[in-house]
S.K.: 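Here it is: the structure, laid out below.
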Amino acid sequence: MSQPSVPDQPTAITYAAAGVDVEAGDKAVELMKESVRRATRPEVLGGLGGFAGMFDASALARYRHPVLATSTDGVGTKVAIAQALDRHDTIGYDLVGMVVDDIVVCGAEPLFMTDYIACGHVVPERIAAVVGGIAAACAQARVALVGGETAEHPGLLGPDDYDVAGAATGVVEHDAVLGPDRVRPGDVVLGLASSGLHSNGYSLVRRVVAQAGWALDRHVDELGRTLGEELLTPTRVYTADLLDLLRADGAEVHALSHVTGGGLAANLARVLPPGTHARLDRATWTPPAVFTTIGRLGAVPRTDLERTLNMGVGFVAVLPPEAVDAARTHLTSRGIGTWVMGEVRDAAAVGATGGDVTRGAKGVDGGAVELVGEHPPA
């Protein structure tokens, strides 16, 4: 049997010829340095470029019983909108919001964050824009960006494709942890306005838009701007405002819920104890136009909309009635719209339900959440 021939002098293959540009990666780091410097805290040790980010843990000595909290996430297919519009300076806000706002749900203060960007080809200015957005959002949330990684994956991702992910760590006093064990019948459910779609449900949104044949540069009268501008609206980052609320004199919050994948009812049910029932009235708020536009354009059933999108509610606070006015005043002063959506009751005292009920979610044996009524027209 003949053997395959081997060239005497094979063509030299460099790392660059394989599709990885180390110099471009170095340039991206240089471009992002200044923005990363602004996303810091006094406890951060070292600078950009180390093998590991370092955080002085002696800062935890002031806690009597510190509990660490951690979270990791990405932004899903919203990156496809950023790539299509070739605008990359806002997607970092989406990443930070998805990560650190999960940590504050348990009452913890996020301390530091790291990011990971995988791309088909490093374009230094593009990577620097993404990281610049991450750093700006971290600074807003008072979280240190202590490190990250950019990986070039030629052949796996297209030259203009990328994805982002991140992780953060926070701390909370053991006896200050928020959650279901604090919630009581009679508590009020307070809605906090979202900035729009945030970073969930974009697979549904993109499918609706594609099926309708709408271009991202299409001006949509109901939105008051182009479709692309609306879809790329950054996720609101609530962390700093909520932490300040939790620390305010006389403030009392029993539970928080970040409304992300799964929608309002499922995420609220996760922070309610078994045996409770929260009835939320749709008549208490009007979802922003983007939600009704997507629903109408794709003939999306309401159940799908509500289980996929936040419907204008980015966060929920559960608190005693006497604490509602102070919480609303605090959040309104920070530019966050709020409204009373409903209350928590003992499930045994709730009669026949006439709305859509969700019981527990994502493996959590939580309470029940019922949505009733109709949204007022815009």
Side-chain angles (χ1 to χ4, degrees), residues 75 78 90 93-94 96-98 100-102 104-105 137 140-141 178 187-202 205 220 222-225 229-246 248 251 253 255-268 270-271 278-295 302 305-319 323-343 369 371-378:
V75 302
K78 187 170 184 175
T90 63
Y93 279 84
D94 300 293
V96 174
M98 290 298 100
V100 303
D101 282 350
D102 274 2
V104 80
V105 164
Q140 179 183 317
L178 303 181
D187 280 352
V188 172
V189 180
L190 189 69
L192 281 62
S194 70
S195 58
L197 292 168
H198 284 186
S199 298
N200 299 102
Y202 272 77
V205 172
V220 182
E222 299 94 326
L223 306 178
R225 52 183 168 176
E229 289 170 332
E230 179 67 39
L231 298 187
L232 206 56
T233 301
T235 298
R236 172 171 272 158
V237 180
Y238 299 87
T239 288
D241 299 318
L242 289 173
L243 286 174
D244 289 345
L245 171 63
L246 296 177
V253 176
L256 293 169
S257 178
H258 190 193
V259 182
T260 55
L264 170 61
N267 282 289
L268 177 56
R270 296 166 68 186
V271 300
R279 180 170 288 169
L280 310 183
D281 190 351
R282 296 185 185 94
T284 59
W285 86 98
T286 300
V290 64
F291 299 98
T292 53
T293 299
I294 293 299
R302 181 163 72 180
L305 283 176
E306 292 182 339
R307 293 174 183 173
T308 308
L309 308 178
N310 68 56
M311 300 305 291
V313 188
F315 237 92
V316 174
V318 182
L319 61 174
V324 171
D325 288 345
R328 294 195 67 188
T329 298
H330 171 88
L331 294 168
T332 299
S333 72
R334 304 298 185 94
I336 301 174
T338 64
W339 64 97
V340 173
M341 309 177 72
E343 67 172 335
V369 177
L371 287 167
V372 300
E374 300 294 335
H375 295 295

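All values derive from a computational prediction rather than experimental measurement.
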S.K.: Determine whether Leu190 and Arg328 satisfy the following criterion, side-chain contact (heavy atoms from CB on, under 4.5 Å), listing intermediate values before the conclusion.
M.R.: CA-CA 8 Å; Leu190 189 69; Arg328 294 195 67 188; 3.7 Å; yes

S.K.: What's the shortest heavy-atom distance between Trp285 and Leu264, and which atoms?
M.R.: CH2-CD2, 3.9 Å

S.K.: Could you tell me the separation between the CG atom of Asn267 and the OG atom of Ser257, rounded to the nearest 0.5 Å?
M.R.: 4.5 Å

S.K.: Counting only N and O atoms by type, is there a donor-acceptor contact under 3.5 Å from the side chain of Thr286 to the main-chain atoms of Pro376?
M.R.: yes

S.K.: Provide the closest heavy-atom pair for Leu305 versus Gly295 in the form atom of the first, atom of the second, distance.
M.R.: CD1-CA, 3.7 Å

S.K.: Report yes if some heavy atom in the side chain of Met98 is under 4.5 Å from a heavy atom in the side chain of Asn200; otherwise report no.
M.R.: yes

S.K.: Quick one: list whatever passes salt bridge (Lys or Arg N to Asp or Glu O under 4.0 Å) with Glu230, sequence neighbours left out.
M.R.: Arg225

S.K.: Rounded to the nearest 0.5 Å, what separates atom CG in Asp101 from atom OG1 in Thr239?
M.R.: 3.5 Å

S.K.: What do the steps show when you test Leu319 against Asp187 for side-chain contact (heavy atoms from CB on, under 4.5 Å), and what is the final call?
M.R.: CA-CA 5 Å; Leu319 61 174; Asp187 280 352; over 6 Å; no

S.K.: Looking at Ala240 and Gln140, what are the two nearest heavy atoms and their distance?
M.R.: CB-O, 3.6 Å

S.K.: Taking C-beta and beyond as the side chain, do Arg236 and Ile336 meet within less than 4.5 Å on heavy atoms?
M.R.: yes

S.K.: Is there side-chain contact between Arg282 and Glu306, with heavy atoms separated by less than 4.5 Å?
M.R.: yes

S.K.: Is any side-chain heavy atom of His375 closer than 4.5 Å to one of Pro287?
M.R.: yes

S.K.: Going by the salt bridge (charged side-chain N to carboxylate O under 4.0 Å, His left out) test, which pairs reach into residues 191-202, not counting sequence neighbours?
M.R.: none

S.K.: Any sub-3.5 Å donor-acceptor pair from Thr308's side-chain atoms to Gly201's backbone N or O?
M.R.: no

S.K.: Does some side-chain heavy atom of Val318 sit less than 4.5 Å from a side-chain heavy atom of Val253?
M.R.: no

S.K.: Return yes if some donor-acceptor pair links the side-chain N/O of His330 with the main-chain N/O of Leu242 below 3.5 Å, else return no.
M.R.: no

S.K.: If we ignore hydrogens and angles and just use 3.5 Å, is the side chain of Arg279 paired with the main-chain N or O of Met341 as donor and acceptor?
M.R.: no

S.K.: Measuring only between side-chain heavy atoms, which start at C-beta, is Thr332 closer than 4.5 Å to Thr338?
M.R.: yes

S.K.: Where do Ala265 and Leu371 come nearest, in terms of heavy atoms and distance?
M.R.: CB-CD1, 4.4 Å

S.K.: How far does CD of Glu229 sit from OG1 of Thr90, to the nearest 0.5 angstrom?
M.R.: 11.5 Å

S.K.: Could you tell me whether Arg334 and Asp244 have a side-chain N and a carboxylate O separated by less than 4.0 Å?
M.R.: yes

S.K.: Please give me the minimum heavy-atom distance between Thr235 and Asp94, naming the atom from each residue.
M.R.: OG1-OD1, 2.6 Å

S.K.: Identify every side-chain donor-acceptor pair in residues 309-317 under 3.5 Å, counting partners at least two apart or on other chains, and give the distances.
M.R.:
residue, atom, partner, partner atom, Å
Asn310, OD1, Ser194, OG, 3.1
Asn310, OD1, Gly312, N, 2.7
Asn310, OD1, Val313, N, 3.4
Asn310, ND2, Gly196, O, 3.0
Asn310, ND2, Leu197, O, 3.3

S.K.: Of all heavy-atom pairs between Ala193 and Trp339, which one has the smallest distance, and what is that distance?
M.R.: N-CZ3, 3.7 Å

S.K.: Out of Leu280, Val369, Val324, which one pairs with Val189 under the side chain to side chain contact (heavy atoms under 4.5 Å, CB included) rule?
M.R.: Leu280

S.K.: Please lay out, stage by stage, how Leu192 and Val259 fare under the test side-chain contact (heavy atoms from CB on, under 4.5 Å).
M.R.: CA-CA 10 Å; Leu192 281 62; Val259 182; over 6 Å; no

S.K.: Rounded to the nearest 0.5 Å, what separation is found between the CG atom of Leu232 and the OH atom of Tyr93?
M.R.: 13.0 Å

S.K.: Going by distance alone, is a donor N or O of one side chain under 3.5 Å from an acceptor N or O of the other, for Thr233 and Ser195?
M.R.: no

S.K.: Taking the side chain from Thr292 and the backbone from Ala289, do they hold a donor-acceptor pair closer than 3.5 Å?
M.R.: yes

S.K.: Are the side chains of Arg270 and His258 in contact, using a 4.5 Å heavy-atom criterion?
M.R.: no

